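Quick notes on the structure that follows.
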Amino acid sequence: MAERILTGIKPTGQLTLGNYIGVLKNLPKMMDRGECFIFIADLHALTLPIDPEVLRQNSVDIASFYLAAGLDPKRVALFLQSEVSAHSELNAIMQNYLYMGELSRMTQFKEKSAKMKESGIGLGLFAYPVLMASDIVLYDANIVPVGEDQIQHVELTRDLVNRFNQRYGNVLQMPKAEMRKIGARIMSLSDPTKKMSKSDPKGDIFLKDDMATVRKKVMSAVTDSGSEVKYDEEKKPGISNLLTIYACLKDITIAEAEKHFVDYRYGDFKKEVAQAVVDELEPFQKRYQEIVDSKSYLEVLKEGARKASEVANKTLLRVKKAVGLLISK
Ligand code: ATP
Ligand code: LTN
């Protein structure tokens, strides 16, 4: 069977180099492996308080970033989650097949809700994995490219598929998360024991940072004691993170990166890592700006929603029939 690939990014904030390396950079390669459904998880962005104008602008950004990364809208359905109503409809069905206990064990929920007052935690944040599972099964996706932090949600989707199929027969396709071998968890530059995260912006490189800022951020990244540029996640988390960034951007292995820097001191090493980031982001930003200025993303998203709806509505109908909903037309 040809592969079906699906992934999404939430328009919750400025995209980081973590998002870029973890997912964006690799997406164009997916086009050769099968049919791709790539979306902007705007309904998911509503699970935490967000200003309407910021949400809209972030959605424009992500659409333009997808295109600037090299996704070809002729070969990929690129769309807004909120413009394919089957996501919300399937969510209403699937919420009955995931349980409170398992949802409350999700790390993302625990981390995000821990920062909030209990009275302000929306149901959507708790039920987040139900919508994400609906996103995935709607397209019969078998491959879900994500960073490490999303593995748990894809595993929960697999549990749901098992549960659903045992009850109703072979209705849903079993998905599988796919992570990069290296770079699935880019760490914060200010605290390399934490994930670089757009909702915790200290230590981030943003995809829209100007080049002087990018250089400054890399040069002031936390490093470790010693002077050797060697990969050692435990003893040298800062250096290991910079080596990972370099290796991913240059498409080489960690061992090759280590070899390249064998005679380097930290200062020169950082300068070269900064240059690698600049070399990648500068042309990327140029393409991004052209797309934003031309507003070409609008036509792409419209056509993407049409293509996605065609596939999603078929799955929705299959599920409705399976659970016993009467179809009148
Ligand atoms: P938040 O910090 O607000 O939860 P996020 O960046 O983790 O945001 P998304 O924008 O939805 O969440 O992430 C898009 C994709 O980027 C996901 O597949 C996620 O796993 C991946 N990703 C996010 N941060 C990193 C990182 N530091 N390293 C590698 N991949 C990442
Ligand atoms: N939860 C993901 C975004 C997301 C997603 C999806 C990823 C929503 N639906 C379906 C893959 C497949 C995140 O927070 N990064």
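What you see is a predicted model, and the numbers here were worked out from it, not measured in a lab. Ligands are counted one by one from 1 in listed order, and the atoms in each one are counted from 1 as well. FYI, the numbering just counts along the sequence from 1.
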For Glu233, look at atom CD and say whether over 12 heavy atoms of other residues, nucleotides or ligands are found less than 6.0 Å away. no
Looking at Tyr20, Phe206, Phe284, which one forms a ring pair (Phe, Tyr, Trp, His ring centres under 6.0 Å) with Phe65? Phe284
Check whether any N or O atom of [X], backbone or side chain, sits under 3.5 Å from an N or O atom of ligand 1, and answer yes or no.
| X | value |
| --- | --- |
| Ile186 | yes |
| Glu148 | no |
| Ile9 | no |
| Gln150 | no |
| Pro145 | no |

Classify the angle between the aromatic ring planes of [X] and [Y] as parallel (below 30°), tilted (30 to 60°) or perpendicular (above 60°).
| X | Y | answer |
| --- | --- | --- |
| Tyr97 | Phe164 | perpendicular |
| Phe79 | Phe39 | parallel |
| Phe261 | Phe269 | perpendicular |

Just which atoms of ligand 2 are under 4.0 Å from any heavy atom in [X]?
| X | result |
| --- | --- |
| Lys10 | 14 (O) |
| Thr7 | 7 (C), 11 (C) |
| His44 | 8 (C), 9 (N) |
| Leu6 | 10 (C), 12 (C) |

Proximity of [X] to ligand 2 by residue part, where a heavy atom lies under 4.0 Å:
| X | value |
| --- | --- |
| Phe39 | side chain |
| Leu131 | neither |
| Val144 | side chain |
| Gln81 | neither |

Identify the closest protein heavy atom to atom 9 (N) of ligand 2: which residue and atom is it, and at what distance? Asp135 OD2, 2.7 Å
When you measure from atom 1 (N) of ligand 2 to every protein heavy atom, which one gives the shortest distance, and what is it? Tyr128 OH, 2.6 Å
Polar proximity ligand 2 side, Gln150 side, N/O cut 3.5 Å exclusive: yes
Any N or O of His153 that comes nearer than 3.5 Å to an N or O of ligand 2? no
Can you figure out which of Met196, Gln14, Lys195 has its heavy atom closest to atom 7 (O) of ligand 1? Lys195
In terms of its nearest heavy atom to atom 29 (C) of ligand 1, the top option of Ala184, Cys248, Pro11 is Ala184
Where does Val146 meet ligand 1, judged by heavy-atom distances below 4.0 Å: at the side chain, the backbone, both, or neither? both
So for Ile21, does at least one of its heavy atoms come nearer than 4.0 angstrom to any atom of ligand 1? no
